[in-house]
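Structure first, then comments.
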Amino acid sequence: GRKWWLRRRSMRSRRRQRRRSRLCTAGGRHGRIQAVHRGNTARKEVVAQKEEHAEQEKAATKIQAVHRGRAARKDAAASKEKPEEMQAPSDDEARAATKIQAVHRGNAARKEVVAQKEEHAEQEKAATKIQ
């Protein structure tokens, strides 16, 4: 077989020939220069489009924020005017409210009874101590 360095040399020369042929085809070196130039301009256009898109996004976000603010203020103004139009609670709501109030009053009354018993027990203890 061939020596390894000869194979290496022939591979290098084949690579060089491929590079040269690429430069020579499609307009030669001028074609390659044009391709590089087209690539650079295309990349610049993409950057410009991205910047323009970012500006449009920012503008759209601002418009949405203004619109949402107006809508919120409009709702707040409308809710301030509605207290006169409040409706009476339905029968179910009235029963539920009454039940909640009754439970609360019952808890408060039991708490008060426990406090009174403790106070009465302390008074008796003090009275027995005095005797």
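Hydrogens, waters and symmetry mates play no part in the numbers below; they use all other heavy atoms, side chains included.
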Atom pairs and distances, donor-acceptor, side-chain atoms in residues 109-120, under 3.5 Å, two or more places apart:
{"unit_1": "R110", "atom_1": "NH2", "unit_2": "N107", "atom_2": "OD1", "d": "2.8"}
{"unit_1": "H120", "atom_1": "NE2", "unit_2": "E124", "atom_2": "OE2", "d": "3.1"}

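- In this view, R38 and Q34 satisfy the side chain to side chain donor-acceptor pair (under 3.5 Å) rule, not counting sequence neighbours.
- Evaluation of the side-chain contact (heavy atoms from CB on, under 4.5 Å) rule for R70 yields V66, R73 as partners, not counting sequence neighbours.
- The side chain to side chain donor-acceptor pair (under 3.5 Å) test applied to N40 returns R43, not counting sequence neighbours.
- Applying the salt bridge (charged side-chain N to carboxylate O under 4.0 Å, His left out) rule to D92 yields the partners R95; only residues at least two apart in sequence or on another chain are considered.
- Taking CD1 from I63 and CD from Q56, the interatomic distance works out to 10.5 Å, rounded to the nearest 0.5 Å.
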Step-by-step side-chain contact (heavy atoms from CB on, under 4.5 Å) determination, R68 to Q64
CA-CA 6 Å; R68 288 186 186 126; Q64 289 171 351; 4.1 Å; yes
